[in-house]
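Below: one structure, written as structure tokens.
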Amino acid sequence: MKKYCIYILLVFLPTLALGQVEQMWQMEKQSNEGEQFIIDSIQSFFPVSKLSLLKDVNFIFNSRFAFGSTFLDDNHTVSKFNVDQFRFEIKGRIHNKVRFRFRDRYTRSPEIGNLDNVDRSIDLAFITIDLTKRTNLAIGKLVADFGGWEFDMNPINILAYNDIVGNSDNFLVGAEISHSFKDQLNSVSFQILNSRTNTYEEQYGLTAPPSIEASEYPLAFVSNWRGSFFNKKIETTYSYSYFHEAKGVSMNYFAFGNKFKTKKFILYYDFQYSQEGLDRRKIVSNIINSKYQYAAENAVYLGHWIRAGYLIKPKVNLLLTLMTTSFYWKDNPDPNGESRLATSFGIIPTVEYLPFKRFNMKFYIGFIARNYNYTRYAETAFGSKDYTTGLLSFGVIAPILLL
């Protein structure tokens, strides 16, 4: 079916110009952010002169192919080739005021969300309407505009996500209005989205607490501010999100992303805080499920994410990612219990080799080391045990511009 859809798009996509877009928002989120020391300028695979029908539409294969060896508690488990990322993307302009973007993930099993009626393998499917030169309206399946640079990056550049971002519903159906100020240094966006891809009953199943009922309005509200300072050496992306999870139950999520960039060095720092009236990410619930069958109420996640990149030579880039998340259960009914149950730590040293001047294709080798450290209380009360995971990965990363 996906192959036939691509054929149809190749025949019927319009010829109007894509145009220059300065704002990030939905059209560029999870697209170009990252250590872009080399910017693509190579022509597309198919010459424009031979495909005038498609000359103003971008077809992109966001891909990462690798050979990896996994470890559990320092013991080797398996080594194999893997397609870590393969996301087919089309974006363009169908009118001088209307653009579109579509992205499908081929590394995820298709599953129709029973709340939004969209295949979960589809990341993006929306149109953007230019209300004015600096104000846009987007409608469809969108990227939730959470703050933080970790989530803004193209997924092919992230070898492993921190626990908060990695256990979120990040692509949701709804609408967004975004506005860029005259100075072109600040912008804001506001979204109203479905709070989930599945219904409350499907999301929580038998773990749904009997005292909590599904909401008639399972909606989320996301606000974001982006700023740029000192000739774009410092940039920010800050957000607050409110999710109406069930009747009388909500989730409040704060994400503050900061970036510092020079010609050869780039540094990111994200702070993440999620207070969940009902444990949406299920990590706390999985810790306590040996004694409590229902999803944890009043779970809290506190995360930090740091990433540094340094271009030591024109073709060699060094990366180091550090991350940690602490997990809390604020409504622990045990009078002798603790709220903090565990903390995770992660480190990802990576070396990238960029062989081409005008094509952002890179070979890499990296090691993902993670440690999950449970408190003494969690070990005693719930039988939790510390463990470590590792992944030695080397391969190729490329956003392949087909045309």
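- The two residues Arg87 and Pro155 come nearest to each other via the heavy atoms NH2-CB, 3.6 Å.
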Inset, instruction - Starting from the C-alpha separation in whole Å, work towards a yes-or-no answer on side chain to side chain contact (heavy atoms under 4.5 Å, CB included) for Ile164 and Arg281. - result: CA-CA 8 Å; Ile164 293 179; Arg281 290 175 172 81; 3.6 Å; yes
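- For the atom pair Glu352 CD and Leu354 CG, the distance stands at 6.0 Å (nearest 0.5 Å).
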Inset, instruction - Begin from the C-alpha positions of Leu267 and Tyr269 and carry the test side chain to side chain contact (heavy atoms under 4.5 Å, CB included) through to its verdict. - result: CA-CA 7 Å; Leu267 176 66; Tyr269 168 66; 5.9 Å; no
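- At least one donor-acceptor pair closer than 3.5 Å links the side chain of Asn332 to the backbone N or O of Asp334.
- Under the 4.5 Å side-chain criterion, counting only non-hydrogen atoms from C-beta, Tyr374 is not in contact with Lys385.
- In this structure, Lys315 and Pro355 approach most closely via the heavy-atom pair NZ-O, 3.4 Å.
- Trp305 places a side-chain heavy atom less than 4.5 Å from the side chain of Thr321.
- Val300 is listed as a side-chain neighbour of Tyr273, based on a closest heavy-atom distance under 4.5 Å.
- The closest side-chain donor-acceptor pair between Tyr294 and Asp279, if any, does not fall under 3.5 angstrom.
- Going from atom CG of Leu401 over to atom CZ of Phe359 covers 8.5 Å, rounded to the nearest 0.5 Å.
- The CG atom of Asn258 sits 6.5 Å away from the OG1 atom of Thr236 when rounded to the nearest 0.5 Å.
- If you check the side chains of Asn289 and Lys282, you find no donor sitting under 3.5 Å from an acceptor.
- Counting only heavy atoms from C-beta outward, the side chains of Ile312 and Lys264 never approach each other to under 4.5 Å.
- Contact annotation: the side chain of Tyr364 never approaches that of Asn317 to less than 4.5 Å [non-hydrogen atoms, C-beta and beyond].
- Both cation-pi conditions hold for Lys330 and Tyr328: the charged atom is under 6.0 angstrom from the six-membered ring centre and inside a 45 degree cone around its axis.
- In terms of heavy atoms, Pro209 sits closest to Tyr200 at CD-OH, 4.0 Å.
- Taking 4.0 Å as the cut-off between side-chain N and carboxylate O, Arg307 and Asp270 do not count as a salt-bridged pair.
- Annotation: ring-ring contact (aromatic ring centres under 6.0 Å, His included) contacts of Phe67 (sequence neighbours excluded): Phe81, Phe394.
- In this structure, CZ on Arg280 lies 6.0 Å from CZ on Arg196, to the nearest 0.5 angstrom.
- Pairing each heavy atom of Ile156 with each of Ser63, the nearest pair is CG2-N, 3.5 Å.
- Here Trp329 and Tyr377 keep their ring centres 6.0 angstrom or further from each other.
- Checked options Trp225, Phe271, Trp149, Phe254; the residue passing with Tyr238 is Trp225 (criterion: ring-ring contact (aromatic ring centres under 6.0 Å, His included)).
- For the pair Leu115/Pro218, a side-chain contact is recorded, criterion being any heavy-atom separation below 4.5 Å from C-beta on.
- Distance alone, capped at 3.5 Å, is enough to place a donor-acceptor pair between the Arg64 side chain and the Ile158 backbone.
- Remark: the backbone N or O of Gly147 is paired with a side-chain donor or acceptor of Ser239 at under 3.5 angstrom.
- Using modelled atom types, one finds no donor on one side chain facing an acceptor on the other under 3.5 Å when comparing Asp84 with Thr107.
- Between Tyr242 and His244, the ring planes are parallel. Angles under 30° get that label, and only those over 60° would be called perpendicular.
- Side-chain N/O atoms of Tyr204 and Glu245 include a donor and acceptor closer than 3.5 Å.
- Note that CZ of Phe100 and CD1 of Ile127 are 11.5 Å apart. Values are rounded to the nearest 0.5 Å.
- The environment of Asp183 atom CG is dense: over 12 non-hydrogen atoms of other residues, nucleotides or ligands sit within 6.0 angstrom.
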Inset, instruction - Please lay out, stage by stage, how Phe382 and Leu341 fare under the test side chain to side chain contact (heavy atoms under 4.5 Å, CB included). - result: CA-CA 10 Å; Phe382 308 116; Leu341 301 179; 4.1 Å; yes
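- Ser168 contributes atom OG, which lies 6.5 Å from atom CE of Met251 (distance to the nearest 0.5 angstrom).
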Legend entry - Working for side chain to side chain contact (heavy atoms under 4.5 Å, CB included), residues Thr325 and Ile283: CA-CA 11 Å; Thr325 304; Ile283 300 175; over 6 Å; no
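- Between Asp123 and Arg105 a salt bridge is recorded (basic side-chain N to carboxylate O distance below 4.0 Å).
- Qualifying ring-ring contact (aromatic ring centres under 6.0 Å, His included) partners for Phe171, counting only residues two or more places apart in sequence or in other chains: none.
- Relative ring orientation between Tyr301 and Phe327 is described as perpendicular, the plane-to-plane angle rising above 60° on a 0-90° scale split at 30° and 60°.
- Taking each heavy atom of Phe230 and Ile234 in turn, the nearest pair found is CD1-CD1, 3.8 Å.
- Shown here are the ring-ring contact (aromatic ring centres under 6.0 Å, His included) partners of Tyr372, two or more places apart in sequence or in another chain: Tyr387.
- Asn136 and Thr128 share no side-chain donor-acceptor pair at under 3.5 Å.
- Although no hydrogens or angles enter the test, the distance criterion places no donor-acceptor pair under 3.5 Å between the side chain of Asp145 and the main chain of Asn224.
- Nearest heavy-atom pair, Gly113 versus Asn198, reported as atom, atom and distance to 0.1 Å: CA-OD1, 3.5 Å.
- The pair Lys141-Asp119 does not count as a salt bridge, with every side-chain nitrogen at least 4.0 angstrom from each carboxylate oxygen.
- The closest donor-acceptor contact from the side chain of Ser285 to the backbone of Ala296 lies under 3.5 Å.
- Here Asp152 pairs with Arg226 in a salt bridge; the nearest charged N to carboxylate O distance falls below 4.0 Å.
- Side-chain contact check for Gln272 and Glu150: at least one donor-acceptor pair (N or O, by modelled atom type) lies under 3.5 Å.
- With a 4.5 Å cut-off on side-chain heavy atoms, Val222 and Leu172 do not count as touching.
- Taking the side chain as every heavy atom from C-beta outward, Tyr292 and Pro333 approach each other to under 4.5 Å.
- Between the side chains of Glu111 and Ser109, no donor-acceptor pair is found at a separation under 3.5 Å.
- Ser69 and Ser79 share a donor-acceptor pair across their side chains, judged by distance under 3.5 Å alone.
- Distance alone, capped at 3.5 Å, places no donor-acceptor pair between the Thr350 side chain and the Leu319 backbone.
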